[in-house]
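Report on one structure; see the data block that follows.
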Number of protein chains: 2
Amino acid sequence: MKSKKDEIGSLAVTFREHDHAKCASLLLDAARDLCAERGLRLTPVREKVLKLLLKSHAPLGAYDILAELSTSGFRAQPPVAYRALDFLVENGLAHRIEKINAFVACSQPHAKHSPIFMICNDCEQVAETSIKSQGSSLDRTARAIGFDIRHTVVEVEGLCAACRERAPL
Amino acid sequence: MKSKKDEIGSLAVTFREHDHAKCASLLLDAARDLCAERGLRLTPVREKVLKLLLKSHAPLGAYDILAELSTSGFRAQPPVAYRALDFLVENGLAHRIEKINAFVACSQPHAKHSPIFMICNDCEQVAETSIKSQGSSLDRTARAIGFDIRHTVVEVEGLCAACRERAPL
DNA sequence: GAAGTTAATGTTATATTATAACATTGTTGT
DNA sequence: ACAACAATGTTATAATATAACATTAACTTC
Ligand SMILES: [Zn+2]
Ligand SMILES: [Zn+2]
Ligand SMILES: [Zn+2]
Ligand SMILES: [Zn+2]
């Protein structure tokens, strides 16, 4: 049984001081492992896009990525970015954040999960946590009306603790 | 204390047989009342857009609305639609559904609420229900990490009961 | 390893969604 | 009537995303 502290630590490292270089490199390794296991090809563009997303916990728009790709010797037509992002999203290595039309690296790529995002409107970082869908209020309501859930979007906007301290209110 | 049946009836009428003409007219009246109470101006374009949204429980894109406006003698430049939609959304008469870049009339315009949408991928109708934010898992996680929630997006995609019956699996 | 097959990338063009900026008109309060 | 503000009209463009088709690379299977 995990302690509450563990839970917070593992789920919302984004808004806490942490060794992000390590954070990013562990996730990159995890992605490589996952692709190897599943016979997926983490091609140069795909890996590059993942690395760009892993640079920070702030999401990037498709055109931000495109711009960075073009300064790194990759082709820079929109489909290049969207295809790589599609691959990453379809395979659980990244998520799309609907509210802001942007993408983040997944912070728990192996586990099958329904992510929840907390988007700080000030520092623009995004923390990923997870829904426990079994028995949730959402799940119960859906069952009650016979709705079969295929995909869930949960995104909250607000201010992270650090930003609230910096600029109270 | 409401019964479970009441709760379902009031919250997810979308996917059930119902007198939608009545449904729409009650909501239009509610909107007029609400604007009168708050000193808001439900101008012709704004009312027309609300009526368009109230035609069904299927959401409309801004450009769908624009097209309908132009066939009704209104000006049809994008800002016309977006401004009316902004007004309706800001004042709680409509909601934007992020996942599909579209808008629906709010089904409970008086109550302050955090809506949840259930989007049927087959019939494309959307049911609105509500989060009980107090004490929810989301709320607890946010508190635990000191995140101050300003706005919540909860949208689920899947199949409604009727569509599942029509086309099993 | 040559030929066939599928997956991935390259490239051009265009579709879709949304906003900036500024001019004009209408409404409200004095 | 006048000022002040709210709403609408209008032009232009920004930002996001996909369609379609050509080319190249990778993986089979013989
Ligand atoms: Zn990190
Ligand atoms: Zn922050
Ligand atoms: Zn109805
Ligand atoms: Zn349906």
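Within every chain, numbering begins at 1; the chains are lettered A, B, ... in the order of the sequence lines, protein sequences first and strands thereafter. Quantities reported herein were computed from a predicted structural model and do not represent experimental measurements.
The structure places CD of A/Gln77 at 13.5 Å from OH of A/Tyr82, a figure rounded to the nearest 0.5 Å. Between B/Arg46 atom CZ and B/Leu40 atom CG the span is 8.0 Å, to the nearest 0.5 Å.
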Given A/Met118 and A/Glu128, is the side-chain contact (heavy atoms from CB on, under 4.5 Å) satisfied, shown in steps? CA-CA 7 Å; A/Met118 302 212 187; A/Glu128 177 182 352; over 6 Å; no
If you apply the rule side-chain contact (heavy atoms from CB on, under 4.5 Å), what do you find for A/Val45 with A/Phe87, and how did you get there? CA-CA 11 Å; A/Val45 207; A/Phe87 171 86; over 6 Å; no
Can you check salt bridge (charged side-chain N to carboxylate O under 4.0 Å, His left out) on B/Glu155 and A/Lys99, steps first, answer last? CA-CA 11 Å; B/Glu155 299 170 359; A/Lys99 188 66 201 298; over 6 Å; no
Kindly determine whether B/Phe147 and A/Cys163 satisfy side-chain contact (heavy atoms from CB on, under 4.5 Å), including the steps that lead there. CA-CA 9 Å; B/Phe147 190 93; A/Cys163 289; over 6 Å; no
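Interface residues of residues 69-77 of chain B facing DNA chain C, ordered by number: none; criterion, heavy-atom separation under 4.0 Å.
Rounded to a whole Å, the CG atom of A/Leu85 is 11 Å from the P atom of D/dT18. Rounded to whole Å, the distance from CZ on B/Arg46 to C1' on D/dT8 is 10 Å. Rounded to whole Å, atom C1' of C/dA8 lies 14 Å from atom CG of A/Leu88. Separating the CD atom of B/Glu47 from the P atom of D/dA7 is a distance of 15 Å, rounded to the nearest angstrom. Taking atom CD of B/Glu90 as the reference point, atom P of D/dA7 lies 10 Å away to the nearest angstrom. As rounded to whole Å, 14 Å separates atom P of D/dA26 from atom CG of A/Leu42. The interatomic distance linking B/Asp86 (CG) with D/dA6 (C1') rounds to 15 Å, in whole Å. The nearest whole Å value for the distance from the CZ atom in A/Phe87 to the C1' atom in D/dT18 is 20 Å.
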Could you list all N or O pairs between the protein and nucleotides 15-17 of chain D that sit under 3.5 Å apart?
from: D/dA17; atom 1: OP1; to: A/Arg96; atom 2: NH1; distance (Å): 2.8
from: D/dA17; atom 1: OP1; to: A/Arg96; atom 2: NH2; distance (Å): 2.5
from: D/dA17; atom 1: OP2; to: A/Tyr82; atom 2: OH; distance (Å): 3.1
from: D/dA17; atom 1: O5'; to: A/Tyr82; atom 2: OH; distance (Å): 3.4
from: D/dA17; atom 1: N7; to: A/Tyr63; atom 2: OH; distance (Å): 2.6
from: D/dA17; atom 1: N6; to: A/Tyr63; atom 2: OH; distance (Å): 3.4

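B/Glu68 has a carboxylate O that lies under 4.0 Å from a charged side-chain N of B/Lys55, or vice versa, which qualifies the two as a salt bridge. Salt bridge present: A/Glu47 and A/Arg32 bring a charged side-chain N and a carboxylate O closer than 4.0 Å.
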Per-nucleotide protein contact string for nucleotides 21-30 of chain C, where B marks a base within reach and S marks sugar-phosphate only (heavy atoms under 4.0 Å, - for neither): B-----S---
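Under the side-chain contact (heavy atoms from CB on, under 4.5 Å) test applied with B/Leu93, the options B/Leu34, B/Leu54, B/Leu28 reduce to a single match, B/Leu34.
Each end of the helix from C/dG1-D/dC30 to C/dT30-D/dA1 gets its own axis from five base pairs, and the two axes differ in direction by 30°, given to 10 degrees.
With sequence neighbours left out, the ring-ring contact (aromatic ring centres under 6.0 Å, His included) criterion links A/Phe103 to no other residue. In terms of the salt bridge (charged side-chain N to carboxylate O under 4.0 Å, His left out) criterion, A/Asp19 has no residue partners (sequence neighbours excluded).
The environment of CD in B/Glu37 is crowded: more than 12 heavy-atom neighbours from other residues, nucleotides or ligands sit within 6.0 Å.
Across every non-hydrogen atom of B/Ala58 and B/Val104, the tightest pair is C-CG1, 4.4 Å.
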